[in-house]
Visitor: 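Could you have a look at this structure, given as structure tokens, before my questions?
Every chain is numbered from 1, with letters handed out A, B, ... down the list of sequences. This one's a predicted model, so the numbers in the text were calculated from it and none came from an experiment. Computed over heavy atoms, backbone and side chain alike; hydrogens, waters and symmetry mates excluded.
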Amino acid sequence: MREQLFEQFESALRALLGEAGDPGALPEFALEAPRSPDHGDFACNAAMLLAKRLRRPPRDIAEQLVALLPEHGDRVHRAQVAGPGFVNVWLAGERWHELLGRVLEEGGSFGHSSIGEGQRVQVEFVSANPTGPLTLGHGRQGVLGDVIATLLEANGFDVTREYYFNNGGRQMRLLGDSVRARYLELLGSAAPPPEELLGDSEAQWPEEIDGLPVVFPRDGYQGAYITDLAQGLRDEYGDALADPEDPDIFKRTAEEVIFAAIRKTLDTVGITFDVYSNESDLYSEGRIEETLGDLRGKGLVYDKDEAVWLKATDLGLDRDRVLVKRTGEPTYLLPDIAYHREKFRRKFDVVLDVQGADHFEQFPFVRKAAAALDCPEERMELVMHQFVTLTRGGEQVKQSTRRATYVTVDELVADVGVDVFRFFMVRRRAESHLDFDLDVAKDKDWKKNPAYRVQYAHARTFGIERKATEKGVAMPERTSIDVSPLTLPEEIELLKKLSEFPEIVNQAALTREPHHLAYYAEDLAGLWNPYVQDGSNHRVLGDDEALTNARLGLVLGVRTVLANALGLLGISAPEHM
RNA sequence: GGCCCUGUGGCGCAAUGGAUAGCGCGCUAGACUUCGGAUCUAGCGGUUGUGGGUUCGAGUCCCACCAGGGUCGCCA
């Protein structure tokens, strides 16, 4: 519909430029649905863009354009110059009614497109190292990445969801040492560090207390789950691990157990990955050495202070970075670079990293270095998101990662449910701080809780169907509904809103901004709920059979679009509430 | 201090460079009397942090400044 109109405008504009003796290209004009319905179904800004070039007033050009339109197509019913030089057009025929037919016909695939043309996109997200439970930041990232991936799939991209984690370095060793320390404390052969010093990052603690050594590492993981892990090992092995044959058992067990817990959490919130990849494999496959060698070959590596440096300043960045530490151990930067090369070796057309703001600084180094190794820089994208804070009773809930006194994804989901969790996490623009208001999230009142507002709007379509069945009124066949009796302004507004859905899905995917979808769902629900609620003017089930049938068609259309929107968000679309 | 994100009605937020800046909560005033009802309608509320600039047109782009958050490690 819009495509045909667009062509009509292009053709008319070509004629207009011809008359003006201008051989130049058409301007990149916009043809979009204006905010206000008074401004027609579509508005075109071409006249304003041409004003300077043709040295004529924009309204004058717009008049000419309006005059030319009828010779170049038949989609325009009425056209009018407005404002500074917009051409507002009203479409011919029963355009919104046609649209509902399309919604009903396409059903679950309405809103989907094939513009991705099967391009392979890798979306890397969460990627939390297995050192503890998922935090709310991970939760936000998980939902964000998952919905972006789903949106891309809905637009014809071939998507791989991937989780990458570092399990080679110091952090994992620290994790193992933390578990070992707690284990020894449980055996009574080590003393825990003084409680009051744990929260203080500057504090030193004595090497022994009451004759027992303090082995808990200075930067160790302090969460209660570490002690649980130690207890588990003690239950299984008794005191046999005080001097274990396999010194890696603490680290290995911790990684396995924590990673299993993370996967369970992800499963609970409806996130599944196609591929898990990790740092260790990059080592064993020789990718780390290879990447370092290739960087060296490009003259981007030098030695200083017994460490190996990346000459990032040669790549336009503000400082150099260490690739291999004095200890001989690579920093995380080197494997990250190797990993991004690996992505392109695996033939992805686009790779998309979803990361929290705390990691943002890292990305430019990885991208520039990978680009120097012949990876296409513009095909490495970053979606950065800000943090999540939790509010309860108007007060921010204090969270401390260091002391592990933070609310986990598991806890929050147990508290508010998966659907509310996902909806709230994806409602805000990624770059905005997200304030998760527990009071709103836990409110069961659909008027107060936006997640329920959308779900309830969907459930109501079934409520009406149930009512119809009760009254002996049959639901119409999806393929043969005459919706022309729908003429009330609120009905046209609903039809228009339904028509916007494909564009929203498309834009949200291409801009990697899934919050548009959540907003759209709220908008549609915000039109639908009052329509249903205010039965005085337009009860769906009335005496007029044709009108009833048409309104039942609208019910089905709204249901379809709400269900599709909720589906893309990974949220259930209930029939009852 | 450098870099990044944010700043929009009382609160929480939205707005491919387009027309009169939208939505929810809250607030105010009316209406309905249980139907598919955990009601509806209307209204009040804004110099989009400040000051310049680009543009036919700026919440949006550029510059400076102010405020909040993040980040600047041979941590991940």
Visitor: Any stacking of A/F86 on B/rA19, going by centres under 5.5 angstrom and planes within less than 30 degrees?
Guide: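 Stacked: centres under 5.5 Å apart, planes under 30°.
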Visitor: Which dot-bracket notation, 5' to 3', represents the base pairing of RNA chain B when pairs are defined as Watson-Crick or G-U with both distances under 3.5 Å, crossing pairs as [ ], and inter-strand pairs as |?
Guide: (((((((..((((....[...)))).(((((.......))))).....(((((..]....))))))))))))....
Visitor: At under 4.0 Å between heavy atoms, which parts of nucleotides 69-76 of chain B does protein reach? Answer with one letter per nucleotide, 5' to 3': B base, S sugar-phosphate only, - none.
Guide: SSSS-BSB
Visitor: So, is A/K447 close to the B/rG37 phosphate, meaning a side-chain N or O under 4.0 Å from OP1 or OP2?
Guide: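 No, no such contact exists.
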Visitor: Are any non-hydrogen side-chain atoms of A/E522 and A/F423 less than 4.5 angstrom apart?
Guide: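 In short, these two side chains touch, coming nearer than 4.5 Å.
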Visitor: Of the options B/rA14, B/rC25, B/rC56, whose atoms approach the side-chain atoms of A/L49 most closely?
Guide: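 That would be B/rC56.
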Visitor: Would you measure the distance from the P atom in B/rG22 across to the matching atom in B/rA42 and give it in whole Å?
Guide: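 Here B/rG22 and B/rA42 have their P atoms 15 Å from each other.
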Visitor: Could you tell me if A/R559 sits above the aromatic ring of A/F462, with its cationic atom closer than 6.0 Å to the ring centre and no more than 45 degrees from the axis?
Guide: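 Because its charged atom sits under 6.0 Å from the ring centre and within 45° of the axis, A/R559 does stack over A/F462.
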Visitor: For nucleotides B/rU48 and B/rC13, find the distance between their C1' atoms and express it as a whole number of Å.
Guide: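 Going atom to atom, C1' in each nucleotide, I get 13 Å.
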Visitor: Side chain of A/A43 only, please: which of B/rC5, B/rA19, B/rU16 is the nearest?
Guide: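 Selected nucleotide: B/rA19.
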Visitor: Less than 6.0 angstrom from the centroid, inside 45 degrees of the normal: does A/R427 satisfy that with respect to the ring of A/F424?
Guide: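 The answer is yes; both the distance and angle limits are met.
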Visitor: Are any of the side-chain heavy atoms of A/F436 and A/V407 separated by less than 4.5 Å?
Guide: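 SC-SC contact between A/F436 and A/V407 ruled out.
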Visitor: Charged N to carboxylate O under 4.0 angstrom, A/R466 versus A/E575?
Guide: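 Answer for the salt bridge query: no.
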Visitor: Who pairs with A/D435 by side chain to side chain donor-acceptor pair (under 3.5 Å), at least two apart in sequence or on another chain?
Guide: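 Scan of A/D435 (side chain to side chain donor-acceptor pair (under 3.5 Å), adjacent residues dropped) gives A/T389, A/T391.
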Visitor: Which of these nucleotides, B/rU39, B/rC13, B/rG24, is closest to any side-chain atom of A/Q533?
Guide: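 Nearest nucleotide to the side chain: B/rU39.
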Visitor: Going by distance alone, is a donor N or O of one side chain under 3.5 Å from an acceptor N or O of the other, for A/E279 and A/Y339?
Guide: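 The criterion, which ignores hydrogens and geometry beyond distance, is not satisfied for A/Y339 and A/E279.
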Visitor: Would you mind telling me which of B/rU6, B/rU16, B/rC13 lies closest to the side-chain atoms of A/R429?
Guide: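 The answer is B/rU6.
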